[in-house]
Every structure is written in structure tokens, then in C-alpha cells.
**Q** 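Below are the C-alpha cells for one structure; questions will follow.
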Amino acid sequence: MTSPDDPPIVLVSNRGPVSFEVDERGELRGRRGAGGLVSGIGPLVAGTATTWIAAAISEGDRAAAATGAVVDHEGFRVRLLALDPETYRLAYDVVCNESLWFAHHGLWDRAHEPVFDRAWHEAWNAYREVNAAFADAVAEVAPTGAVVLVQDYHLCLVALRLADTRPDLRCVHFSHTPFAPPAWLAALPAVAVQELLRGLAAHVACGFHTHRWAEDFAASARDLAGLSPTTFVSPLASDPADIRGVASSPECLAALAALEQRVGDLQVIGRVDRVELSKNLIRGFLAFDDLLDHHPEHRGRVVFVAGAYASRSGVAAYATYRDEIHRTVDEVNARWGTEAWTPIHLDVDDDHPRSVALLRRADVLLVNPIRDGLNLVASEGALVNERAAVLALSPEAGAWERLHQAALEVPPFDIWGTAEVLHQALTMPADERRDRADRLRRLAEARTPADWLAEQLAAAR
Ligand code: G6P
């Protein structure tokens with residue numbers, strides 16, 4: 001949906017819009033990739049001349065990448081990069097997921113972490129190599145004068161190399177995560193801090209979902225590297241047509257019927273997250289436990305349905321966190337459950353239509369991250385919900401900046417406070433619920449992914 005006057009675009013992200021698998025007959029089968037980036041930006045670039053460069057992650061991706069060609073699939077022109085698997089693992093797991101993600105989300109338990117040993121510095125080398133490979137692929141395919149839209153913390157060094165090899169290109173970086181303030185970023189080895197900040201500053205501009213993350217980045221660049229890169233703020237938005245299309249699909253209707261059977265006429269607290277430490281799932285369940293303890297009128301009358309989908313299995317801390325989630329849910333269910341009523345229903349298989357069915361049916365939507373770049377679930381809920389659901393939203397979610405006027409503020413670290421917000425949401429008078437839900441829907445409808453793309457292109461000028 002780009003206009004003919006726009007310059008050619010090259011999109012660059014670690015995870016691509018299509019992922020391939022080799023089927024039983026040994027043939028390559030592609031399907032739409034997972035993740036917010038694809039659902040947000042995908043429809044805008046599908047069917048256009050935009051080339052999307054991404055890492056080959058699965059075995060099928062590697063087979064597709066082996067041809068070296070740009071693959072056309074579902075309207076996407078994708079160039080997949082087959083990187084050495086160990087180099088990729090070090091860059092993706094050790095640097096991106098265990099280090100940069102933790103720095104940007106403030107997840108370290110600083111008495112024990114982080115620890116940067118020699119092996120880490122080898123992983124940093126791998127991060128450089130992966131970024132160089134991406135930069136070289138861009139240099140190879142980008143038309144003269146193209147705008148290169150580089151996505152996220154996996155690819156901070158791409159523009160620096162392109163400044164030498166392809167000075168005609170205009171690179172814009174966009175972070176879908178928060179950015180570490182100086183005190184957090186400074187925990188990384190100095191060489192990495194300097195390269196990351198110089199790498200980001202090599203873009204025409206660096207974009208963020210909220211003013212807070214842009215300010216944290218500007219402070220880090222200034223205090224740690226004496227740099228003043230250009231920044232802009234451009235929240236991505238859910239596509240109302242796309243999410244409502246899913247909401248009315250036969251798959252979603254079937255999932256909704258199954259959910260109705262499960263929950264009957266009980267009130268539903270819903271949440272949908274990847275199992276990530278920043279999402280704060282456990283405190284959410286502990287708050288529900290506290291609610292049942294101190295507001296006994298909700299016992300047997302409310303169920304908490306949580307979609308909690310596997311993520312980043314290569315990172316040990318995630319596996320531990322997943323186990324803690326299961327333990328916590330089992331404990332709460334053992335404490336309060338009866339023959340007829342299971343307080344928490346945990347759905348662990350990622351099933352998009354079923355998640356959307358939950359967003360349709362929920363009476364309260366809990367989004368309580370300890371820090372989150374944006375969180376599209378908050379606005380998706382607003383767009384498809386039919387029961388005037390109350391959004392209980394953490395101010396640490398990027399979505400807060402746009403949606404807070406219509407949400408209830410949930411304090412992410414305060415279990416008692418969260419329980420009281422859940423109680424307030426469950427007992428809110430109908431007219432106030434309706435009023436808030438209407439305002440929420442209007443706020444969510446006020447922006448589309450097309451605005452986001454137009455703002456990236458404007459930033460490149
Ligand atoms: C979340 C973040 C994105 C990030 C993505 C990577 O969705 O919001 O900023 O790019 O995770 O996830 P992955 O599964 O590819 O590691």
C-alpha cells in the first residue's frame with residue numbers, strides 16, 4: 001500500500017514474513033511468519049516491490065535460502081540469509097536474547113547477572129558477523145536511493161557498514177522494544193555499548209513506539225557516547241480490518257464456541273502473551289490469588305483464561321520462567337479450585353484465532369508487563385471485544401501512551417494493587433464500562449499500520 005511516489009523500500013528484520021518447512025514429500029512449504037511485525041507491517045508491503053531481508057531460522061528457511069534468490073511468497077519478496085548456525089545462535093541467543101533484551105527491559109538480577117566472559121565476547125563477534133551479512137545482502141539487492149527500514153535490536157550495526165559500501169541508501173532504524181537508559185546499557189562491555197550506539201546513530205533517524213523509549217535512547221547516546229542521533233516517535237498500531245477479519249473467521253467462531261462452553265456465564269479475566277520475563281505473568285496469577293483470598297465473592301464466579309505461548313526456547317531463563325508459571329497456576333488452582341470450577345485456564349499452544357476469541361469474550365483484559373515496547377494485544381482487545389471489557393494496563397507498556405485515558409492503571413510490581421484493580425474492573429458499573437470501552441475502541445481505531453509506514457518514510461527524508 002505504498003504510493004508510486006515513494007522511494008523503493010528494503011525492509012530488514014531478523015524474523016521474516018514467511019517461514020518455510022520441508023514437507024513429507026521433501027518440498028518446501030511456506031507459511032506466514034509469527035509475530036507482531038508481520039501482522040502489523042506485512043499487509044502494507046505484501047504485493048509491493050519491497051524486498052524483505054531476514055535470517056533463515058528453520059531448516060526449511062535454510063533450504064529456501066540456499067537458492068540465494070529472492071523468493072516470492074504470499075505477495076512477499078523475501079531474501080533469506082543462511083548464516084552459519086553457530087554464529088547465528090551466538091548472535092541471536094547470547095547477544096540479542098540474553099543480553100540486549102535483558103538490558104532494554106531491565107531484567108537482570110544484578111547480584112548475579114550479567115556476567116560477560118570471554119565466550120560472551122566471542123558471541124559479540126558473532127553479532128558483528130550477522131550484522132555484516134545483513135548489510136552485505138542489503139547492499140546487493142537495494143535499488144539506488146532506496147530507503148532501508150531496519151527493525152530492532154538484532155540489527156544495530158547494519159547502517160554503519162552500509163555508510164561505507166552504499167552511501168546512496170537512506171537507513172532508518174526502528175526499535176520495537178524499549179531502550180535501556182544509561183545505567184542499564186552501561187552494564188554491557190564498553191566495546192558493545194560504543195558499537196551499538198555508533199551503529200544506531202549511523203541511521204538518518206531512530207524510531208520508537210513512545211517518547212519514553214526515545215528519551216532513554218537519547219540519554220544513553222549522549223551520556224555514554226557523546227552522540228545526539230535524530231529520533232522520532234511512531235507507535236505501530238493494530239490493523240482494525242485485519243484483526244476484525246480474524247475475529248469473524250470460522251476458526252475464531254469455533255474457538256469462541258469452545259470457550260463459551262468452558263466458561264459459561266462466568267466473568268472472564270483474559271490475557272494473551274508470549275512467555276517472556278518482561279510480560280509479568282506470575283505476578284498476574286498471584287494477584288488473582290490475592291483477589292480470591294480477599295474478595296471471596298469472586299470465588300466460583302470468575303475465571304482467568306491465559307494464553308501463554310512458548311518463546312525463545314534457546315534461553316535457559318525462559319524455560320525456568322515457563323516452569324514457574326505452571327507451578328504458580330497449579331498452586332492457585334489447588335488452593336481455590338472446586339469440582340465445578342477451575343480458577344485459571346492456561347492455554348499454551350499458540351493459536352491466533354483462539355487468542356482473538358478470548359479477546360472477544362473477556363470482561364477484563366490484563367496487560368501488566370514490567371516493561372514492554374508497545375503491546376498490540378491491548379489495542380487488539382479494544383478492536384474486537386464485545387463485552388465492554390475493561391483494560392487493566394501497566395504504565396510500563398508502550399501502549400500506555402495512547403490508551404491510558406480509557407484504561408485502568410495496573411501497578412506491575414504491586415500484587416495487592418493489581419488485585420484491587422482487577423476487583424474494580426470486575427465490579428465496574430455497566431455505563432462506566434461502556435464509556436471506557438467506547439473510548440478505547442476509538443483510540444485504537446485512530447491509527448493504522450499505514451500511519452507507521454508513512455512516518456518511517458518521512459523520517460528517511
Ligand atoms: C517481540 C518484540 C520485538 C522482537 C520480537 C522478537 O515481539 O516486541 O521487538 O523483534 O519479540 O521475537 P523473536 O521470537 O523473533 O525472538
Side-chain angles (χ1 to χ4, degrees), residues 1-14 17 35-53 76 104 138 142-143 145-156 158-159 162 169-179 199-218 221 228-243 372-376 378-380 382-383 397-404 442-461:
M1 259 190 297
T2 47
S3 98
D5 302 333
D6 288 334
I9 300 173
V10 177
L11 240 164
V12 194
S13 66
N14 173 59
L37 196 64
V38 180
S39 57
I41 311 168
L44 299 172
V45 302
T48 71
T50 298
T51 303
W52 194 323
I53 300 177
F76 293 113
H104 291 322
V138 174
V147 169
V148 183
L149 300 179
V150 185
Q151 309 299 306
D152 253 340
Y153 51 95
H154 314 90
L155 300 170
C156 294
V158 168
L162 286 172
L169 301 176
R170 285 169 292 161
C171 300
V172 173
H173 190 274
F174 195 88
S175 292
H176 294 272
T177 58
F179 201 90
L200 289 168
H203 296 82
V204 180
C206 295
F208 296 88
H209 287 306
T210 77
H211 289 87
R212 273 181 74 195
W213 315 148
E215 282 157 19
D216 284 341
F217 167 61
S228 42
T230 302
T231 61
F232 65 103
V233 175
S234 173
L236 188 56
S238 322
D239 184 339
D242 193 60
I243 191 78
D372 201 349
L374 182 67
N375 199 298
L376 282 174
S379 49
E380 287 170 353
L383 290 167
W400 177 258
E401 202 163 276
R402 286 189 57 234
L403 302 181
H404 68 95
R442 283 197 294 273
L443 289 169
E445 282 169 342
R447 255 180 93 80
T448 69
D451 298 317
W452 182 88
L453 184 59
E455 287 161 8
Q456 311 304 300
L457 297 177
R461 281 187 210 116

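The chain is numbered in sequence order, starting from 1. Since this is a predicted model, take the numbers as computed values, not measurements.
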**Q** How are the rings of H203 and H173 set relative to one another: parallel (under 30°), tilted (30 to 60°) or perpendicular (over 60°)?
**A** perpendicular
**Q** Pick from H211, E455, E215: which one makes a side-chain contact (heavy atoms from CB on, under 4.5 Å) with V233?
**A** H211
**Q** Within this structure, what is the CZ-NE2 distance for the pair R402 and H209, rounded to the nearest 0.5 Å?
**A** 11.5 Å
**Q** Which atom names give the shortest non-hydrogen contact between P143 and V10, and what distance separates them?
**A**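 Closest pair (atom of P143, atom of V10, distance): CD-CG2, 4.3 Å.
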**Q** Side chains of F217 and C206: does their closest heavy-atom pair fall under 4.5 Å?
**A** yes
**Q** Which one of V150, T230, L149, L457 satisfies the side-chain contact (heavy atoms from CB on, under 4.5 Å) criterion with V172?
**A**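 Exactly one candidate clears the test, L149.
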**Q** With a 4.5 Å heavy-atom cut-off, do I9 and V45 have their side chains touching?
**A** no
**Q** To the closest 0.5 Å, what do you measure between CG (D216) and CZ (F208)?
**A**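 Those atoms lie 9.0 Å apart.
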**Q** Which value, rounded to the nearest 0.5 Å, describes the distance between L374 atom CG and S379 atom OG?
**A** 6.5 Å
**Q** For residues W52 and L37, determine if any side-chain heavy atom of one lies less than 4.5 Å from a side-chain heavy atom of the other.
**A**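 Yes, close enough: below the 4.5 Å cut-off.
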**Q** For the residue pair A221 and P229, what are the closest heavy atoms and their distance?
**A** CB-CD, 3.6 Å
**Q** Testing the basics here: between A444 and A382, what is the closest heavy-atom pair and its distance to 0.1 Å?
**A**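 Smallest interatomic distance, heavy atoms only, reads CB-CB, 4.0 Å.
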**Q** For A142 and A146, which heavy atoms make the closest approach, and how far apart are they?
**A**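 Shortest heavy-atom contact: CB-CB, 4.3 Å.
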**Q** For T448, enumerate each residue passing the side-chain contact (heavy atoms from CB on, under 4.5 Å) test, keeping only those at least two apart in sequence or located in another chain.
**A**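 If we apply the side-chain contact (heavy atoms from CB on, under 4.5 Å) test to T448, skipping adjacent residues, the hits are P240, A450, D451.
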**Q** If the condition is side-chain contact (heavy atoms from CB on, under 4.5 Å), which residues does P178 pass it with, not counting sequence neighbours?
**A**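 side-chain contact (heavy atoms from CB on, under 4.5 Å) check on P178 returns H105, W213, R371.
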**Q** If I compare all heavy atoms of A237 with all of P449, which pair ends up nearest, and what's the gap?
**A** O-CG, 3.3 Å
**Q** Please round to the nearest 0.5 Å and tell me the distance separating atom CG of D372 and atom OG1 of T177.
**A**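 The CG atom of D372 sits 9.5 Å away from the OG1 atom of T177.
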**Q** Can you tell me how the ring of F179 sits relative to the ring of H104, calling it parallel under 30°, perpendicular over 60° and tilted otherwise?
**A** tilted
**Q** Nearest 0.5 angstrom please: S238 OG to N375 CG, how far?
**A** 9.0 Å
**Q** Minimum heavy-atom separation for G42 to F76, with atom names?
**A**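 Scanning both residues, the minimum pair turns out to be O-CE2, 3.4 Å.
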**Q** Using side-chain contact (heavy atoms from CB on, under 4.5 Å), reason through D152 and N14 one step at a time and then give a plain yes or no.
**A** CA-CA 8 Å; D152 253 340; N14 173 59; over 6 Å; no
**Q** What's the separation between atom CG in L162 and atom CZ in R170, rounded to the nearest 0.5 Å?
**A** 14.0 Å
**Q** Considering only heavy atoms from C-beta outward, does the side chain of R461 approach that of P7 to under 4.5 Å?
**A** no
**Q** For the ring pair Y153 and H176, is the centre-to-centre distance below 6.0 Å?
**A**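 So the answer is no for these two rings.
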